[in-house]
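Okay, so here's the structure we're looking at.
Counting convention: from 1, in listed order, for ligands and their atoms alike.
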Amino acid sequence: MSDVQQLSTKHILGIKYLKASDIQLIFETADNFKEVLNRPVKKVPSLRDVTIANLFFENSTRTKLSFELAEKRLSADVVNFSASSSSVKKGETLLDTVNNILAMKVDMVVMRHPSPGAHHFLSQHIDVNIINAGDGTHEHPTQALLDAFSMREQLGDLKGKKIVIVGDILHSRVALSNIFCLQKLGAKVKVCGPPTLIPRYIQSLGVEVEYNIRKALEWCDVANLLRIQLERQDLKYFPSLREYAQYFGVNKPLLDSLDKKIVIMHPGPMNRGVEITSDVADSEHSIILQQVENGVAVRMAVLYLLAAKR
Ligand code: CP
C-alpha cells in the first residue's frame with residue numbers, strides 16, 4: 001500500500017463533504033486492510049510516526065474501541081480522553097482542552113461530541129486532521145462508511161439497491177450520514193418510522209417516507225434498524241415502547257412472511273424487543289457483528305488516507 005491515492009479532504013467532518021470517489025477510495029483501502037486483519041499478524045507499520053488523540057465527550061462502546069484498535073493495528077501512538085473524567089468537569093472549554101492536548105504534539109484528532117458542528121468549529125481553529133466520531137444528531141460519517149461497506153459486501157455495487165432506514169430518524173446522526181453516503185453511491189433510500197420521528201426536511205433530501213413497516217420491508221434489499229434515542233428526546237413522540245415495537249419493530253414472523261430474504265443491519269447499541277427482536281438480531285438475516293468487524297478495517301482506511309494528507 002505504498003502508492004497512496006489521495007482523499008479530496010484533510011478532515012472527515014461529515015459524509016456530506018466527501019465525493020463518491022473518496023468513498024470508493026476508502027472502500028478499496030478498507031478491502032486491503034480487511035485482508036490484513038485476517039492474517040495471523042494483524043499489524044502494519046503505516047502510522048508508526050503518527051500520534052492520535054481519541055476525544056470522547058459522549059459515551060461510546062463500538063466507535064471508541066474500533067478507532068483505538070484501528071490506530072493500534074496501524075502502529076500509531078494513541079492517547080484517549082474521556083470528558084467525564086477530565087478537566088471539562090472544572091469548566092475548561094472545548095478549544096482549550098483540544099489545544100492543551102495538541103501542545104503534546106498530537107497529529108490527528110478523533111472526536112465524539114454532543115454538539116452538532118463541534119468538529120467544524122475545531123477545524124477552523126486547529127491545524128491537525130479531524131475525524132468526526134459522531135456530533136450530536138448531525139453526522140456519524142465512519143458509521144455510514146462501515147454500513148455501506150458492509151452492504152457492498154452483501155450486494156455488490158450499491159447503485160440502484162434499495163435501503164430502508166427504520167426508526168428514530170429525527171434524532172439520528174447515523175440516518176443522515178447513511179442517507180448522504182448511500183445516495184452518493186447511487187442507492188435508493190427510504191425511511192420508515194412514526195410521523196413524529198421523521199424530520200420535515202427529509203423529502204428535500206430526495207428520501208421517500210413509508211409509514212408501514214411491512215411495505216417498507218417488502219420494498220427493500222436492506223433494512224437498517226435504528227434505536228429510539230430516549231436520551232435525546234425531550235418530548236413524548238409516541239405512546240409507549242410497546243406500541244412502537246408493535247408498529248415499527250422487526251420480528252421473525254414479519255421477516256418470514258416476506259417473499260424474499262432481506263439483509264438486517266443495526267449500528268448498535270440495540271434495544272432488543274423494541275426495534276428488533278432477538279430472533280432477528282441473531283438470525284441468518286443479520287449482519288450486525290459483520291458491521292462491527294468491518295468498522296475496524298474502514299477506520300484503518302480513513303486514518304491511513306488522512307495521514308497521507310498531513
Ligand atoms: N454505533 C455506535 O456509534 O455505537 P457506539 O455509540 O457504542 O460508539
Would you mind running through ligand 1 and noting each atom that sits below 4.0 Å from a heavy atom of [X]?
X      : value
Gly268 : 1 (N), 2 (C), 4 (O)
Thr61  : 5 (P), 7 (O), 8 (O)
Gln143 : 1 (N), 2 (C)

Assess whether atom NZ of Lys161 is packed by more than 12 heavy atoms of other residues, nucleotides or ligands within 6.0 Å.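 Result for NZ/Lys161: enclosed.
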Step through the shown structure and confirm whether more than 12 heavy atoms of other residues, nucleotides or ligands are within 6.0 Å of OH on Tyr247.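 Open.
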Decide whether an N or O pair under 3.5 Å exists between Thr63 and ligand 1.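 Yes: some nitrogen or oxygen of Thr63 is under 3.5 Å from one in ligand 1.
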Judged on heavy-atom distance to atom 1 (N) of ligand 1, which of Ser60, Pro267, Ser66 sits nearest?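 The option holding the nearest heavy atom is Pro267.
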From the options His140, Glu58, Arg62, select the one whose nearest heavy atom is closest to atom 3 (O) of ligand 1.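 The nearest heavy atom belongs to His140.
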Is Gly134 in contact with ligand 1, taking contact as a heavy-atom separation below 4.0 Å?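 No; Gly134 lies far enough from ligand 1 that no heavy-atom distance drops under 4.0 Å.
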Residue, atom name and distance, where the atom is the protein heavy atom closest to atom 6 (O) of ligand 1: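 Looking only at protein heavy atoms, the one closest to atom 6 (O) of ligand 1 is Arg112 NH1, 2.9 Å.
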Pairs of donor and acceptor atoms involving the side chains of residues 49-57, under 3.5 Å and at least two apart or interchain, shall be tabulated with distances.
{"unit_1": "Asn54", "atom_1": "ND2", "unit_2": "Glu71", "atom_2": "OE1", "d": "2.8"}
{"unit_1": "Asn54", "atom_1": "ND2", "unit_2": "Asn80", "atom_2": "OD1", "d": "2.9"}

Who are the ring-ring contact (aromatic ring centres under 6.0 Å, His included) partners of Phe27, not counting sequence neighbours?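 Checked Phe27 against ring-ring contact (aromatic ring centres under 6.0 Å, His included); matches are Phe149.
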Check each of Asp31, Asn294, Asp147 against Arg152 using the side chain to side chain donor-acceptor pair (under 3.5 Å) test, and report the only one that passes.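 Testing each of Asp31, Asn294, Asp147 against Arg152, the sole residue satisfying side chain to side chain donor-acceptor pair (under 3.5 Å) is Asp31.
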Run the salt-bridge test on Arg39 and Glu35 with the 4.0 Å N-O cut-off and return the result as yes or no.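 Salt bridge: yes.
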